[in-house]
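Since the model is a prediction, treat every value here as computed from it, not as a measurement. Letters A, B, ... are given to chains in the order of the sequence lines, protein chains preceding strands, and every chain is numbered from 1.
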Number of protein chains: 2
Amino acid sequence: MTSAALPEPLPEPAVAELRLETVLGALSDPLRLGIIRKLLRESPESDRTCGWFGIDRPKSTLTHHFKALREAGVTRQRQYGLERRSQVRVDDLNARFPGLLDLVAAWTPPTP
Amino acid sequence: MTSAALPEPLPEPAVAELRLETVLGALSDPLRLGIIRKLLRESPESDRTCGWFGIDRPKSTLTHHFKALREAGVTRQRQYGLERRSQVRVDDLNARFPGLLDLVAAWTPPTP
DNA sequence: CATGCAGTACGATTCAAGTCGTACTGATGA
DNA sequence: TCATCAGTACGACTTGAATCGTACTGCATG
């Protein structure tokens, strides 16, 4: 037996539709960049709920940013009961923009 | 004899100050991304005037975007008499964000 | 020195994005 | 069945970015 079927992903752009400007725009927000860095470093395999990130912002703000990431094609979101979990679209992004995710994961902000 | 001294670059962030969000933000504008792609592909060595790009926009708009690129640390600008020429800070960006420029140069927009 | 030219500076306008409060939805478990 | 909990939807507010017209600067060449 394989594992149980996953819920369908929420609406997202197809691989062929991914645009570099859009993806870079999504990653240019500090909060969103932090989300993606944390996902890549700490959970590249499994998807995570909004709460997992421990971001101290109102829930409506978080919804806004997670939606922006999904609509830009950076993340995939699935609904599991109450929870909406996010994961980075690693394969799709590596296929279309090779090196981008490595770079994002490797980068550490300057600490002056 | 080496070649003549270059004019001093206009104010720009130091390598250590480069921030990924900022650079990605600068590249997320379609017009600016086009500028950088053209520079990387057609003139990675020498610097170019605003006019060289052949962009059909008012001059004040171009000034705005070239300044944004410089202030984000993506380009270096030098004043040669009347002309202000721009070049990509290839070494600095490769040192800080390895792979980013390759990716930008390699990418081709979808043609639907 | 005066004209032309590359590009800037400034200010106005417009539009998109980030932020957040409040009300809502829909699955879960007592 | 009813309360709880994760997260959304909507709308208001505010800020910042893009765009562009017009006026300006300053080198360069006659």
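- With the nearest nucleotide of DNA chain C identified for both A:Ala68 and A:Leu82, A:Ala68 has the one nearer the 5' end.
- Between the P atom of C:dA16 and the CD atom of A:Glu21 lies a distance of 17 Å, rounded to the nearest Å.
- Contact detail for A:Val15 and A:Arg96: the closest heavy-atom pair is O-NE, 3.0 Å.
- When the side chains of ILVMFWY residues are joined at heavy-atom separations under 4.5 Å, either directly or via intervening members, A:Tyr80 and A:Val88 end up in two distinct hydrophobic clusters.
- The residue B:Arg85 sits apart from the nucleic acid: no heavy atom pair falls under 4.0 Å.
- Taking side-chain N and O atoms only, A:Thr61 has a distance below 4.0 Å to OP1 or OP2 of C:dC20.
- By the side-chain contact (heavy atoms from CB on, under 4.5 Å) test, B:Leu10 pairs with B:Arg70, B:Gln77, B:Arg84, sequence neighbours left out.
- The only member of A:Asp92, A:Asp91, A:Asp47 that meets salt bridge (charged side-chain N to carboxylate O under 4.0 Å, His left out) when paired with A:Arg76 is A:Asp92.
- A distance of 13.0 Å separates CD in B:Glu8 from CD in B:Gln79, rounded to the nearest 0.5 Å.
- Across every non-hydrogen atom of B:Arg41 and B:Trp107, the tightest pair is NH2-O, 3.4 Å.
- Each of A:Lys59 and A:Gly81 was assigned the nucleotide of DNA chain C with the nearest heavy atom; the assignment lying further toward the 5' end belongs to A:Lys59.
- Helical stems in DNA chain C, defined as runs of 3 or more consecutive Watson-Crick or G-U wobble pairs with both donor-acceptor distances under 3.5 Å, are listed by first residue as C:1-30 with D:1-30.
- Extent of DNA chain D lying under 4.0 Å from chain A heavy atoms, first and last nucleotide in 5' to 3' order, is D:dC5 to D:dA9.
- With contacts defined as side-chain heavy-atom distances shorter than 4.5 Å, the pair A:Phe66/A:Thr75 does not qualify.
- Between B:Ile55 atom CD1 and C:dG7 atom C1' the separation is 14 Å, expressed in whole Å.
- Annotation: side chain of A:Leu62 is not in contact with side chain of A:Phe53 (no heavy-atom distance under 4.5 Å).
- With hydrogens and angles disregarded, a donor-acceptor distance shorter than 3.5 Å links the side chain of A:Glu17 to the backbone of A:Ala14.
- Considering only side-chain N and O atoms, A:His65 lies under 4.0 angstrom from the phosphate OP1 or OP2 of C:dT19.
- Residue A:Leu10 contributes atom CG, which lies 15 Å from atom C1' of C:dT25 at whole-angstrom precision.
- Atom CG of B:Leu62 and atom C1' of C:dG7 are 10 Å apart (whole Å).
- The interatomic distance linking B:Gln79 (CD) with C:dA6 (P) rounds to 13 Å, in whole Å.
- Straight-line distance from the CZ atom of A:Arg84 to the P atom of C:dT25: 15 Å, rounded to whole Å.
- Taking atom NE2 on B:His64 and atom P on C:dA6, their separation rounds to 22 Å, with Å as the unit.
- Rounded to whole angstrom, the span from the CG atom of A:Leu24 across to the P atom of C:dA17 amounts to 15 Å.
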